[in-house]
K.L.:
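Dropping the structure in here first, questions after.
Read the numbers this way: they start at 1 and go in the same order the structure lists the ligands and their atoms. In what follows, residues are counted from 1 in the order of the sequence shown. As a basis for the values below, the full set of heavy atoms in this structure was taken, side chains included, without hydrogen atoms, waters or symmetry mates.
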Amino acid sequence: MEKIYTYIVSHNERLKDILTQYLAEFPQLSVVGNIEDLSTLYNEVSSLNASILFTDMEYADISVTSKIFQDSPNCRIIAITENPNVSFIVNAVRSGVREILAYPLIRSEVSDVVGRVLTSLSAKNIEQSKCKMITLFSNKGGIGKTSIASNLALELAQITKENVALIDLNFQFGDITTFMDLHPTFDISYIFDNLNKLNKDFLLSSMEKYKNTCLYVLADTPFLRNAKTISPKQIAKFFEILKESFSYVVIDTDASFDAKTVTTLDYSDIVFLVTIVNLPALRNCQRCLELFSKLGYDDDKVQILINRFMENDEITQDDVEKLLKKKVYWKIPNNYFAHMAAINKGVLLSELNPESNVAQSYKELAMHVSDSVFSTALINKFVPDSEKRLSNILEM
Ligand SMILES: Nc1ncnc2c1ncn2[C@@H]1O[C@H](COP(=O)(O)OP(=O)(O)OP(=O)(O)O)[C@@H](O)[C@H]1O
Ligand SMILES: [Mg+2]
């Protein structure tokens, strides 16, 4: 059995002794209690496939945790603090802390936390090779799909350090090239014109690597193309090769509900149904949920994502959940100025203004999506022949 290196960062000898004693019940852990300095620790952790880090917040600054988390997504960080108040918890979670333990330590709490962390690490290993395809959908335009898709994709690439694809599936009025100021040599139209040659190498060489990241972008076409000439079978072939080539695929769709869209939704592991909080948008959302249920998608696959959320809105989250009969998965705050500044500069908001409330929300969403415990629950129940199923539903 491969041991999981478990580090305890603290100058409190008593804490280290007790924790080492408690951890003895987990034979798979190899506990390291004496850390010479934080930079050696940082290098060690980043070279490991899986590790656990207990960090005593009296000793290590939260920025250290944040740095380790950013560069070593397979390290699970557990913070220990004497004072686990709300603001501490919020900051800790934002800097990548997975679990929090109150000091003095209680044996049963340590056991529970370590149990959960070990489950998430083993799920991560099992799931490592499996691609997750995430689609942003709304049957209303201008709701924020492109903003969310592009920022989420960038955050996923930065957090996981795995290859992420961002696909603009709009054949007529795509925006990703504008949002990211890209001038790609190839676009999605080129891929569909060369589908018979398509394999992983061809795909990677046709996509635009975004700056110095693991994000690859397949851009929208610069001219109008009739997507009806592309069959669901062709789209399916494209997704199969995408899924072989990337760890995460993020798809920005248009608002039409045609066979191309249904094939995309079928192939997706997570469908984020994006809405804003107003009655017409929510009614549309309701209708989409009905369609999704007719298409056979289960409750976990489709998740509600509220965009432009405002705490003091007349319609509350509770109202939304009652109306849609479904929990809201995520809320992205309203921040018009931050978005406009980013769009006008052709830079993603997550890069231009990483400290803003929206950028933090995109980042935390990416953390959730890449969380292996959450992801293992999402088994794609793909049912083929989208065209036939769509026509059955539309006739109903
Ligand atoms: N959280 C937010 N807060 C404030 N403004 C936002 C937010 N998200 C998006 N916007 C703004 O809403 C507008 C539409 O966003 P976006 O282009 O991402 O939507 P879309 O659903 O992709 O639209 P389309 O249907 O045209 O493709 C943009 O001006 C964007 O800046
Ligand atoms: Mg768009």
Side-chain angles (χ1 to χ4, degrees), residues 134-156 165-182 184 187-189 215 217-222 224-225 227 249-258 260-261 264-265 268 271-278 280-285 287-288 303-313 315 317 320 328-366 368:
I134 303 142
T135 295
L136 281 303
F137 181 77
S138 161
N139 58 344
K140 266 197 153 329
I143 217 114
K145 297 179 297 291
T146 306
S147 307
I148 301 166
S150 48
N151 285 287
L152 172 64
L154 179 64
E155 292 292 0
L156 273 173
L166 171 62
I167 313 291
D168 194 333
L169 215 59
N170 292 279
F171 285 89
Q172 300 204 325
F173 298 107
D175 282 327
I176 280 179
T177 38
T178 318
F179 273 56
M180 300 172 86
D181 193 24
L182 295 176
D187 57 57
I188 188 146
S189 216
L215 174 62
V217 184
L218 187 56
D220 42 292
T221 52
L224 296 186
R225 172 161 184 159
V249 175
V250 181
I251 313 262
D252 182 17
T253 56
D254 58 26
S256 55
F257 210 84
D258 53 14
K260 165 177 70 74
T261 305
T264 310
L265 299 171
S268 304
V271 175
F272 282 130
L273 180 57
V274 187
T275 186
I276 50 175
V277 183
N278 69 33
L282 291 169
R283 286 260 152 78
N284 268 293
C285 215
R287 293 168 69 195
C288 277
Q303 300 289 350
I304 306 287
L305 202 156
I306 295 184
N307 194 26
R308 310 193 70 161
F309 182 76
M310 287 182 284
E311 288 294 345
N312 51 359
D313 218 321
I315 305 177
Q317 175 175 348
V320 174
V328 169
Y329 179 77
W330 205 259
K331 294 170 294 192
I332 295 173
N334 187 49
N335 192 334
Y336 181 76
F337 293 108
H339 277 93
M340 283 327 283
I343 290 173
N344 290 337
K345 286 198 172 66
V347 178
L348 291 182
L349 196 155
S350 296
E351 296 170 278
L352 185 69
N353 198 348
E355 298 309 321
S356 62
N357 58 352
V358 245
Q360 290 291 329
S361 181
Y362 290 137
K363 183 176 179 175
E364 285 160 35
L365 175 62
H368 267 251

K.L.:
Using a strict 4.0 Å cut-off to heavy atoms of N334, name the atoms of ligand 1 that fall inside it.
P.N.:
3 (N), 4 (C)
K.L.:
Looking only at heavy atoms of A338, does any of them come nearer than 4.0 Å to an atom of ligand 1?
P.N.:
no
K.L.:
Return the closest protein heavy atom for atom 12 (O) of ligand 1 as residue, atom name and distance.
P.N.:
R308 NH1, 3.7 Å
K.L.:
Tell me whether the Mg ion (ligand 2) has N170 as a neighbour, meaning an N, O or S atom of it below 2.8 Å.
P.N.:
no
K.L.:
Does D258 offer a backbone N or O that forms a donor-acceptor pair with the side chain of S256 under 3.5 Å?
P.N.:
no
K.L.:
Please state which option from V358, I343, L349 has its nearest heavy atom closest to atom 28 (C) of ligand 1.
P.N.:
I343
K.L.:
Is it true that D254 and K145 have a side-chain N and a carboxylate O under 4.0 angstrom from each other?
P.N.:
no
K.L.:
What atoms of ligand 1 come closer than 4.0 angstrom to any heavy atom of F179?
P.N.:
17 (O), 18 (O)
K.L.:
So which heavy atom on L218 is nearest to which on D187, and how close?
P.N.:
CD1-C, 3.8 Å
K.L.:
May I ask you to identify the nearest protein heavy atom to atom 9 (C) of ligand 1, giving residue, atom name and distance to one decimal place in Å?
P.N.:
S147 OG, 3.4 Å
K.L.:
For M340, take its heavy atoms, then give the atoms of ligand 1 lying under 4.0 Å from any of them.
P.N.:
29 (O), 31 (O)
K.L.:
I'd like to know if A255 contacts ligand 1, where contact means a heavy-atom distance under 4.0 Å to any ligand atom.
P.N.:
no
K.L.:
N/O to N/O below 3.5 Å, does that happen between N335 and ligand 1?
P.N.:
yes
K.L.:
Out of A341, S138, G142, indicate the one that has the non-hydrogen atom closest to atom 23 (O) of ligand 1.
P.N.:
G142
K.L.:
Under a 4.5 Å cut-off applied to non-hydrogen side-chain atoms, are I332 and N357 in contact?
P.N.:
no
K.L.:
Do N170 and D175 have a side chain donor and acceptor closer than 3.5 Å?
P.N.:
no
K.L.:
Between F272 and Y329 (judged by ring centroids, cut-off 6.0 Å), do the two rings come close enough to count as a pair?
P.N.:
yes
K.L.:
So, taking the atom named OH in Y362 and the one named OG in S150, what distance separates them when rounded to the nearest 0.5 Å?
P.N.:
7.0 Å
K.L.:
Show the atoms of ligand 1 that are less than 4.0 angstrom away from any heavy atom in N307.
P.N.:
1 (N), 2 (C), 7 (C), 8 (N), 9 (C)
K.L.:
Which of the numbered atoms in ligand 1 are under 4.0 angstrom from any heavy atom belonging to G141?
P.N.:
25 (O)
K.L.:
Hey, does the side chain of H339 reach the backbone of N335 with a donor-acceptor pair shorter than 3.5 angstrom?
P.N.:
yes
K.L.:
When you compare the side chain of T264 with that of L169, does any pair of heavy atoms fall below 4.5 Å?
P.N.:
yes
K.L.:
Going by heavy-atom distance to atom 10 (N) of ligand 1, choose the closest among M310, H339, K145.
P.N.:
H339
K.L.:
Consider every N or O of I332 and every N or O of ligand 1, then say whether any pair is closer than 3.5 Å.
P.N.:
no
K.L.:
What's the shortest distance from atom 19 (O) of ligand 1 to any protein heavy atom, and which residue and atom give it?
P.N.:
G144 N, 2.9 Å
K.L.:
Please determine which of L152, I251, V249 meets the side chain to side chain contact (heavy atoms under 4.5 Å, CB included) test together with I134.
P.N.:
L152
